[in-house]
2 protein chains.
Amino acid sequence: MIDPDDMSRLAQYSHRLAVMAGKTFIQEGEPANDFFIVTSGHVKIFALMPDGRRQITGFAQSGDFLGLASGATYGFSAEALGPLALCRFSRTGLNILKREFPDIEHRLMEEASRELVQAQKRMLLLGRKTARERLASFLLEQHHRSPTREIVINLPMSRTGIADYLGLTIETVSRTLNALQREKLIAITQVTQITLLNLPALETLARGG
Amino acid sequence: MIDPDDMSRLAQYSHRLAVMAGKTFIQEGEPANDFFIVTSGHVKIFALMPDGRRQITGFAQSGDFLGLASGATYGFSAEALGPLALCRFSRTGLNILKREFPDIEHRLMEEASRELVQAQKRMLLLGRKTARERLASFLLEQHHRSPTREIVINLPMSRTGIADYLGLTIETVSRTLNALQREKLIAITQVTQITLLNLPALETLARGG
DNA sequence: TCACCGCTTTGACATGGATCAAGGCGGTGC
DNA sequence: GCACCGCCTTGATCCATGTCAAAGCGGTGA
């Protein structure tokens, strides 16, 4: 999302930062002093309730911004899914940058737009779709992520991750995937690898009829 | 959100537009050629499924932007809740404006940030909260909207609106409100007017314990 | 005044998904 | 090879919310 040329200029205003796998490096509610760009690895973005209920609101990977959804404090928590590398900008540094490189604001804006579109789709999914529809939507989302539109998809997360992403329990995820397999819409080749056997049917299901 | 001074400069690049109450003036999936600023009235922003399931993703009122969450096509539909006045900008006009008044991009960015924070809260609500928690969150949101923090709140929408906003049915909304009344957390003074009797308890409930 | 209409409430019942509780299964270390 | 451990699956049951149906109830117009 950021081209390498800008990247090096940006680097003057930023600190490189490595994060261990599994570390929660942004805590919801803390002062949002920093802004990040992911340079390698994957990040899980989520919100927690006091009793432990978790909603994953998205993921970020290399090139993605982290911290757009922030006022005075962070509105989310973020955890490294594996070893992670980041560029960190202070908010004030970022503001200087925006003045110096107006293009940056465009890029931020584009990313924010994309995230907002994504967020609205997820609100529809979480508020109105059934478990089957959620799983179908999820599988197709993974499918579309692949540049070659592979019908064999490798799930980038565990059942717990899927459940927290879709607003379900792990049991429902497991049962629903098996139901889709019984109906020959998918084949579960390995625990984290699924083959999409009937794309049109999955698409119809995902959009709800 | 836009100051009157800028407003008049912006006006050169925009067309004023009046919309009748109830009219759906943005259809999800149509080419996102325009961008809007609400100048008076209220807008309901929502997504629909083919069988009629509806998820309201937000509302916009005077001063708010409409169209941030758009790629090539609109990712949502928008309906006038009452008589409505808008400024319409063509996308290309907006891009010219951005160059001419860099401040605009800042404002857009701020609004986008706010919307993203809001969206993440709603994903948690829709994915993980119970009906009671959703209603408590909703009532407090209305409460916070009032500049004077009135504990008597006037619901700006019907039961159907609340249900579609919270991902519930109208029956559940009705029953849950009555349950909260029985427990003396609220008093339903009129159908669309509710008094918050126990703010701390509502806040605890809304955040889930 | 009364009938009608849309919205809301209430009741009875159905059900999708959650919860609780065993197993199964694959990977790792001894 | 075997025991352990984390994750996943499967089964039994429960329950919050949805669905279906029937009254209220307030506003409007004849």
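Note on naming: letters A, B, ... go to the chains in the order of the sequence lines (proteins, then strands), and numbering restarts at 1 for each one.
- Listed pair B:Thr172 / D:dT17 fails the phosphate criterion, with no side-chain N or O lying under 4.0 Å from OP1 or OP2.
- Non-hydrogen atoms lying under 4.0 Å from DNA chain D are contributed by B:Gly167, B:Leu168, B:Thr169, B:Glu171, all within residues 161-171 of chain B.
- C:dT9 atom C1' lies 9 Å from atom CZ of B:Arg159, rounded to whole Å.
- For the segment residues 178-185 of chain A, the set of residues with a heavy atom within less than 4.0 Å of an atom of DNA chain D comprises A:Asn178, in numerical order.
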For nucleotides 25-28 of chain C, which of its nitrogen or oxygen atoms have a protein nitrogen or oxygen under 3.5 Å away, and what is each distance?
none

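- For the pair A:Leu139 and A:Leu177, the minimum side-chain heavy-atom distance is below 4.5 Å.
- Here the CD atom belonging to A:Glu141 is positioned 8.5 Å from the CG atom belonging to A:Leu166, to the nearest 0.5 angstrom.
- In this structure, the CG atom of B:Leu135 is 14 Å from the C1' atom of C:dT8, given to the nearest Å.
- Proximity of the aromatic rings of A:Tyr165 and A:Phe46 is defined here by a centroid distance below 6.0 angstrom, and this criterion is not met.
- Taking CG from A:Leu155 and CD from A:Gln190, the interatomic distance works out to 10.0 Å, rounded to the nearest 0.5 Å.
- The main-chain N or O of A:Arg16 is never found under 3.5 Å from a side-chain atom of A:Arg88 such that the two would form a donor-acceptor pair.
- The nearest pair of heavy atoms linking B:Phe76 to B:Ala69 is CE2-O, 3.5 Å.
- Aromatic ring orientation, A:Phe65 versus A:Phe35: tilted (interplanar angle from 30° to 60°).
- Side-chain N/O atoms of A:Arg175 and base N/O atoms of D:dG11 include a donor-acceptor pair closer than 3.5 Å.
- Screening A:Ile56, A:Thr169, A:Ile170, A:Val173 against A:Thr160 for a side-chain contact (heavy atoms from CB on, under 4.5 Å) leaves a single residue, A:Ile170.
- Sorted by residue number, the list of members of residues 46-55 of chain A with any non-hydrogen atom under 4.0 Å from DNA chain D is empty.
- For the 3.5 Å distance criterion, the side chains of A:Ser146 and A:Glu150 fail to qualify, holding no donor opposite an acceptor.
- Atom CD1 in A:Ile26 sits 8.5 Å away from atom OG in A:Ser77 (nearest 0.5 Å).
- B:Gln193 has its CD atom 15 Å from the P atom of C:dT8, to the nearest Å.
- Contact between B:Thr172 and B:Thr176 at its shortest, heavy atoms only, is O-OG1, 2.6 Å.
- Within the structure, the salt bridge (Lys or Arg N to Asp or Glu O under 4.0 Å) test picks out the following pairs touching residues 181-193 of chain A (sequence neighbours left out): A:Arg132-A:Glu183.
- At least one donor-acceptor pair under 3.5 Å links the side chain of A:Asp64 to the backbone N or O of A:Gln61.
- Sorted by residue number, the members of residues 119-133 of chain B with any non-hydrogen atom under 4.0 Å from DNA chain D read B:Thr130, B:Ala131.
- Atoms OG and CG, on B:Ser113 and A:Leu116 in that order, are 9.0 Å from each other to the nearest 0.5 Å.
- One interatomic measurement links the two molecules: CD1 of B:Ile188 to C1' of C:dT9, which rounds to 10 Å at whole-angstrom precision.
- In this structure, the side chains of B:Gln193 and B:Val152 come closer than 4.5 Å at one or more pairs of heavy atoms.
- Here the P atom of nucleotide D:dT9 and the CD atom of A:Gln190 are 12 Å apart, to the nearest Å.
- Summarising the geometry, the separation between CZ on A:Arg134 and P on C:dG17 is reported as 7 Å, rounded to the nearest angstrom.
- A distance of 10.5 Å separates CD in B:Gln120 from CD in A:Gln55, rounded to the nearest 0.5 Å.
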